[in-house]
There are 2 protein chains.
Amino acid sequence: MTETMSESAIRPRKEFGKTVAADITHRLREEIIACGLAPGEPLRFDVLRERFGVSFTTLREALTALTAEGLVDAQEQRGFRVAPVSRQDLVEVTDARVLIEVELIRRAIERGDDDWEIAVISTLHRLKRIEQRDPEHPLRDPEWKIAHRQFHQALVSACGSATLLAIRADLFDRAERYRHLSANFRPRPRDKAGEHQAIMQAAISRNPDLAVQLIEAHIRSTADNVATYAAHLLDTE
Amino acid sequence: MTETMSESAIRPRKEFGKTVAADITHRLREEIIACGLAPGEPLRFDVLRERFGVSFTTLREALTALTAEGLVDAQEQRGFRVAPVSRQDLVEVTDARVLIEVELIRRAIERGDDDWEIAVISTLHRLKRIEQRDPEHPLRDPEWKIAHRQFHQALVSACGSATLLAIRADLFDRAERYRHLSANFRPRPRDKAGEHQAIMQAAISRNPDLAVQLIEAHIRSTADNVATYAAHLLDTE
DNA sequence: CCAGCTCGTATTTTCGAAAATAATACCGTT
DNA sequence: AACGGTATTATTTTCGAAAATACGAGCTGG
């Protein structure tokens, strides 16, 4: 291994054009969502500094941003920790998601143009292809996670409100963390492929009532699954 | 002026128990809402450092937090600026507020206990007393602002969802900034006292449909007022 | 005169040391 | 042995200097 083939050649220190802080925020977010950092776990600067190779200040900025997203919990003068999980929080996130997502899907169906339809169809197509490849543990496949996120994002993208989309994105991340939490204990994935297909068809055929009903069922049944199979992690807090 | 009567004796550097960063975040937030820092204005570190007497790092943390709240706009590698205003953004904030506030007032009316009723009644009482004192320009009175905020906060406080309350609070702040924007050009305050009274009564008498209707009208008419009297500030951007 | 380039300046971004605060261990007294 | 207070250590928080980046003036060649 030569000198020129240093670490930075293999994995760039940061994405192009972005600040280090934004990059660290992104990496920390993904790790918290995937429960690589456990809920409630203290986030000590020494440890993170070692792991990510950045300074106190940069970390602090990243943790502040994640606190606003509800993934990190700041305790004044006593540092940060991964946001704890609880049954109550799961219920709140689920209800908030239903409230907002239902509104956004209605607006998207009303306003969506050809590009929107294409985005919905193509993101679902990609998602299904990835599912065929490894139908067992989709959440463990980073590509599936991204495709899944993008499909749901595409569905509401035409709603016309950047404000509500930003709120929705934060809630989606918080919900995804709960899915990861229960993923290891869930016996088998539900028939998500079928649900996604049905939602897509309702959206494209401009049937808002049906789409809303399917989306709400999709969100709530996922949350129920989490509440059931991660019960031991939610009650003991 | 003696040495012991230094600046810190007159105004403490920070509130008790809080970090400097949290304090600066708070002060910057208030100043942006009050349009003491104009929409779109660049937030240069040298200037802010001078004004608030803190370091780069602390400022950066505060600005990051406010970016998440939608009051500051971060431009990668090119610093921060006060979030711009626009007609589109005003519409988005208004619609989002209606969506969420309507839901929360329903839940609060359903779940509110005695303490909730007392909080609603007493915060309104305080608000009315302050209005009597100076009925001309309520927004210029910091006490009125606080009382007004607390009344609306009290109304929904019993909703049972910290998650939605946090989102609501951010949207309220963004809307309040628009109110300040038009305050200087608005001919006369509307009959807010009457509206608040009616909302309070609908809530306390547990009439959710009426309360929802009044709240939505309250929010939308305020926004319409802003759109009318601050039109010259919204279109030229 | 203008377009494009280069270099100097202004500004942001990142860093590690120093100060402030909280947590813990220790010790003497009852 | 239990309690209270104090010193020590661990950790967070804040700072200003140094590095990185963007902005703008001035120059050169067409």
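Chain naming here is simple, since letters A, B, ... match the order of the sequence lines and numbering starts at 1 in each.
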Please state how far atom [atom1] in [X] lies from atom [atom2] in [N], giving the value in whole angstrom units.
{"X": "A:Glu61", "N": "C:dC15", "atom1": "CD", "atom2": "P", "result": "11 Å"}
{"X": "B:Lys18", "N": "C:dT21", "atom1": "NZ", "atom2": "P", "result": "16 Å"}
{"X": "B:Phe80", "N": "D:dT21", "atom1": "CZ", "atom2": "C1'", "result": "15 Å"}
{"X": "A:Glu76", "N": "D:dT13", "atom1": "CD", "atom2": "C1'", "result": "11 Å"}
{"X": "B:Phe45", "N": "D:dT21", "atom1": "CZ", "atom2": "C1'", "result": "13 Å"}
{"X": "B:Arg81", "N": "C:dT11", "atom1": "CZ", "atom2": "C1'", "result": "16 Å"}
{"X": "A:Gln75", "N": "D:dT13", "atom1": "CD", "atom2": "P", "result": "9 Å"}
{"X": "A:Glu50", "N": "D:dT11", "atom1": "CD", "atom2": "P", "result": "14 Å"}

Would you call [X] and [Y] a side-chain contact if the rule is heavy atoms closer than 4.5 Å?
{"X": "B:Arg129", "Y": "B:His125", "value": "yes"}
{"X": "A:Val91", "Y": "A:Asp95", "value": "yes"}
{"X": "A:Arg111", "Y": "A:Cys159", "value": "no"}

Subject >> Stacked cation flag A:Arg49 on A:Phe56, 6.0 angstrom / 45 deg >> reply: yes

**OP:** Determine, for B:Phe172 and B:Arg29, whether the Lys NZ or Arg CZ falls below 6.0 Å from the six-membered ring centre while staying within 45 degrees of the axis.
**Re:** no

Side chain [X], main chain [Y], donor-acceptor under 3.5 Å:
{"X": "B:Trp116", "Y": "B:Ala154", "value": "yes"}
{"X": "B:Glu61", "Y": "A:Thr64", "value": "no"}
{"X": "B:Arg177", "Y": "B:Ala83", "value": "yes"}

Subject >> Residue A:Val20, side-chain atoms from C-beta onward, closest of C:dT14, C:dT11, D:dT12 >> reply: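 Closest nucleotide among those given: C:dT14.
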
Original post:
Among D:dT14, D:dT11, C:dT14, which is the nearest nucleotide to the side chain of A:Arg44?
Top reply: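 From the listed options, D:dT11 comes nearest.
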
Original post:
Which part of the nucleic acid does A:Leu43 contact within heavy-atom distance under 4.0 Å: base, sugar-phosphate only, or nothing?
Top reply: sugar-phosphate

**OP:** Using a heavy-atom cut-off of under 4.0 Å over every strand shown, decide if B:Arg60 touches base, sugar-phosphate, or nothing.
**Re:** base

Report, one pair per line, the protein and nucleotides 23-25 of chain D atoms (nitrogen or oxygen only) whose separation is under 3.5 Å.
| residue | atom | partner | partner atom | Å |
| --- | --- | --- | --- | --- |
| D:dC23 | OP1 | B:Arg78 | NH1 | 2.5 |

Original post:
Of A:Val93, A:Ile32, A:Ile33, which is the lone residue that meets side-chain contact (heavy atoms from CB on, under 4.5 Å) with A:Asp173?
Top reply: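 Among A:Val93, A:Ile32, A:Ile33, the one meeting side-chain contact (heavy atoms from CB on, under 4.5 Å) with A:Asp173 is A:Ile33.
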
Any protein N or O atoms within reach of nucleotides 16-18 of chain C? Criterion: under 3.5 Å, listing atom names and distances.
| residue | atom | partner | partner atom | Å |
| --- | --- | --- | --- | --- |
| C:dG16 | O6 | A:Thr57 | OG1 | 2.8 |

